[in-house]
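Written out below as structure tokens is the structure these notes cover.
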Amino acid sequence: MPIKHAALKQMRKDRPRQQRNQAVRSELKTLTKRLIDLLQTQKLEEAKTLLQLVSKKYDRAASAHVIHRNTAARHKSRFARKLYSLKSST
């Protein structure tokens with residue numbers, strides 16, 4: 001346990017931040033899995049609407065510094081590329 005008062009206060013502040021960040025990461029993972037399932041089953045219209053939501057969530061997480069902005073951009077780019085490659089092939 002920390003001894004200094006400032007370190008104790010930082011621990012108190014870190015706990016809710018950690019829980020909030022974990023909730024955001026968990027939601028991102030859940031939405032990502034749903035999007036991947038839709039892409040694999042060729043449900044392109046549903047995937048397109050979900051891609052918009054996922055992109056928004058990734059941007060929000062990046063702006064809140066939950067994930068790095070390049071990570072968000074990489075995921076969004078990969079999903080969009082996959083969706084549009086499936087659209088053009090069908």
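Since this is a predicted model, take the numbers as computed values, not measurements.
We find the CZ-NZ distance between Arg60 and Lys56 to be 5.5 Å, quoted to the nearest 0.5 Å.
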Side-chain donor-acceptor contacts of residues 30-47 below 3.5 Å, not counting sequence neighbours, with atom names and distances?
residue: Thr30; atom: OG1; partner: Ser26; partner atom: O; Å: 2.9
residue: Thr32; atom: OG1; partner: Leu28; partner atom: O; Å: 2.6
residue: Thr32; atom: OG1; partner: Tyr58; partner atom: OH; Å: 3.1
residue: Thr41; atom: OG1; partner: Asp37; partner atom: O; Å: 3.0
residue: Thr41; atom: OG1; partner: Leu38; partner atom: O; Å: 3.2

Donor-acceptor pairs under 3.5 Å, side chain of residues 2-13 to any protein atom, not counting sequence neighbours: which ones?
residue: Gln10; atom: NE2; partner: Asp14; partner atom: OD1; Å: 3.1

Exercise answer: donor-acceptor pairs, residues 67-81 side-chain atoms, under 3.5 Å, sequence neighbours excluded:
residue: His68; atom: ND1; partner: Asn70; partner atom: N; Å: 3.0
residue: Lys76; atom: NZ; partner: Asp59; partner atom: OD1; Å: 2.7
residue: Lys76; atom: NZ; partner: Asp59; partner atom: OD2; Å: 3.2

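The ring pair (Phe, Tyr, Trp, His ring centres under 6.0 Å) contacts involving residues 27-57 comprise nothing, where partners must be two or more places apart or lie in separate chains. Counting only residues at least two apart or on different chains, no ring pair (Phe, Tyr, Trp, His ring centres under 6.0 Å) pair has a member in residues 32-51. Annotation: ring pair (Phe, Tyr, Trp, His ring centres under 6.0 Å) contacts involving residues 25-48, sequence neighbours excluded, are absent.
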